[in-house]
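Reminder, nothing fancy here: chain letters follow the sequence lines and each chain counts from 1.
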Amino acid sequence: MTTAPDCPCADCTSTLHETILTWYDDHARDLPWRVPGATGWAVLVSEIMLQQTPVVRVEPAWRAWMHRWPTPADLAAASPAEVLRAWDRLGYPRRALRLREAARTIVAEHGGVVPADEAALRALPGIGAYTAAAVAAFAYGRRTVVLDTNVRRVLGRLVSGMALPPPSQRRAESETAAAMLPEEPERSARWNVAVMELGALVCTARSPQCGQCPVATHCRWRAAEYPADEFATARRTQAWHGTDRQARGRVLAALRTQEELGTHEVGDLWPDAGQLQRVLAGLCLDRLIAAETDLDGVVTGYRLPQE
DNA sequence: AAAGCGGGGCA
DNA sequence: TGCCCAGCTTT
């Protein structure tokens with residue numbers, strides 16, 4: 001059980017709603033997937049790209065993507081190789097393949113229209129709890145809890161008084177978010193994006209701009225004089241240099257710019273031959289690359305999957 | 001619950 | 001260098 005900041009009464013919650021929604025009206029970024037006529041597909045593509053990739057890098061990629069594949073049916077007709085090249089360096093290229101698969105399912109099972117139902121969205125590949133809620137809310141005005149890293153941080157500070165939310169999402173967080181959600185659907189959808197935007201622009205992870213925050217006077221973290229992150233020791237940053245992830249990225253980057261990579265050329269990409277073989281096998285398993293073989297079944301090289 | 005999965009930019 | 005970014009899937 002949780003409450004709104006200050007007190008659980010309807011007046012305080014309503015004040016908070018009004019304050020943040022008004023702030024959003026004045027400060028929202030002008031993003032192409034937020035225009036009034038944005039389709040479910042436009043929103044879905046943006047949400048998949050925004051899974052762990054910042055807005056500034058997504059925006060140009062989204063424009064190019066939507067120009068090339070304006071509907072799910074358009075993407076469903078594309079090859080994996082085309083899709084992976086268009087994904088370029090957004091990171092986590094499996095998202096590109098899953099988006100293509102989602103498009104194929106949307107065509108096959110939903111008449112080519114991105115579904116509005118959260119459960120139907122959740123059943124699509126690459127769409128988890130967050131993305132399903134985001135598409136339902138932002139594309140179709142549904143009333144649902146949208147809980148991303150920004151909302152978790154804003155509510156964690158504002159309501160729970162913590163510097164940063166726990167490493168993994170907890171039930172109490174979604175209960176808090178649910179308790180804060182405006183009743184009217186369209187208003188709830190705007191509330192979700194408004195809180196998210198506040199987290200992205202003002203209540204940032206590194207250096208929050210409390211001087212610019214419309215609800216600073218309601219913030220429990222601020223009221224408690226900014227206690228330190230209690231989960232700091234539990235957060236561990238993953239290594240990068242020399243990892244499989246780096247090796248995978250190097251292979252994909254090479255195949256985005258050349259049609260085929262001979263076994264000799266592949267070997268030049270990475271110093272550890274044994275690790276490289278494991279990485280190539282993993283990439284094949286993930287359908288991110290395909291091995292080319294001669295008549296005897298000996299691997300001669302690798303390509304991006306043509307289908 | 002934890003691990004694996006990219007890549008870039010900034011303090 | 002460490003940390004963060006509109007997370008999802010698999011074990």
What's the gap between B/dG6 and C/dT11 when it is taken at their P atoms, as a whole Å value? 16 Å

Rounding to a whole Å, what distance do you find between A/Phe231:CZ and B/dA1:C1'? 15 Å

For A/Ala205, which contact category applies under a 4.0 Å heavy-atom criterion: base, sugar-phosphate, or nothing? sugar-phosphate

Considering only the C1' atoms, how many Å lie between B/dA3 and C/dA6, rounded to the nearest integer? 22 Å

Could you tell me whether A/Arg152 contacts a base, only the sugar-phosphate backbone, or nothing, with contacts defined as non-hydrogen atoms closer than 4.0 Å? nothing

Measure CG/A/Leu288 against C1'/B/dG4 and give the value in whole Å, please. 13 Å

Where each residue is assigned the nucleotide of DNA chain B containing its nearest heavy atom, which of A/Gln51 and A/Ser168 is assigned the position nearer the 5′ end? A/Ser168

Identify whether the distance between the nearest side-chain nitrogen and carboxylate oxygen of A/Arg190 and A/Glu186 falls below 4.0 Å. no

What is the nucleic acid contact for A/Val55, judged by heavy atoms within less than 4.0 Å: base, sugar-phosphate only, or nothing? base

So, A/Arg287 and A/Glu101, do they make that salt bridge, N to O below 4.0 Å? no

Do side-chain atoms of A/Arg157 reach the backbone of A/Ala163 as a donor and acceptor pair under 3.5 angstrom? yes

By nearest-nucleotide position on DNA chain C, the 5'-leaning member of A/Arg122 and A/Glu197 is A/Glu197

Would you indicate what A/Arg206 reaches in the nucleic acid, counting non-hydrogen atoms under 4.0 angstrom: base, sugar-phosphate, or nothing? base

Whole-Å distance between B/dC5 C1' and A/Leu252 CG? 11 Å

Whole Å only: how far is the CG atom of A/Leu84 from the P atom of B/dG6? 11 Å

Within this structure, what is the CH2-to-P distance between A/Trp240 and B/dC5, rounded to whole angstrom? 10 Å

Heavy-atom neighbours of A/Glu225 CD exceed 12 at 6.0 Å: no

Segment of DNA chain C, first to last nucleotide, that comes within the 4.0 Å heavy-atom reach of chain A: C/dG2 to C/dT9

Whole angstrom is fine here: how far is it from CZ in A/Arg94 over to C1' in B/dG4? 7 Å

Give one of base, sugar-phosphate or nothing for A/Trp87, where a contact means two heavy atoms less than 4.0 Å apart. nothing

Base B/dG6 paired with A/Arg245 side chain (donor-acceptor, <3.5 Å): yes

Does A/Arg29, at its CZ atom, have more than 12 non-hydrogen atoms belonging to other residues, nucleotides or ligands within less than 6.0 Å? yes

How are the rings of A/Trp69 and A/Trp65 set relative to one another: parallel (under 30°), tilted (30 to 60°) or perpendicular (over 60°)? perpendicular

If you pin A/Gln169 and A/Gln52 to their nearest nucleotides in DNA chain B, which one's is more 5'? A/Gln169

To the nearest angstrom, the NE2-P distance between A/His241 and B/dG6 comes to 17 Å

Any donor-acceptor N or O pair under 3.5 Å, side chains A/Tyr130, A/Glu47: yes

Contact class for A/Thr131 (heavy atom, under 4.0 Å): base, sugar-phosphate, or nothing? sugar-phosphate

If we ignore angles and hydrogens, is there a donor and acceptor under 3.5 Å between the side chains of A/Thr22 and A/Asp25? no

If I take atom CG in residue A/Asp286 and atom P in nucleotide B/dC5, what distance separates them, rounded to the nearest angstrom? 8 Å

Regarding A/Ile48, tell me which of base, sugar-phosphate or nothing describes its non-hydrogen contacts under 4.0 Å with the strands shown. nothing

Which is more 5' along DNA chain C, the nucleotide nearest A/Leu50 or the one nearest A/Leu124? Just name the residue. A/Leu50

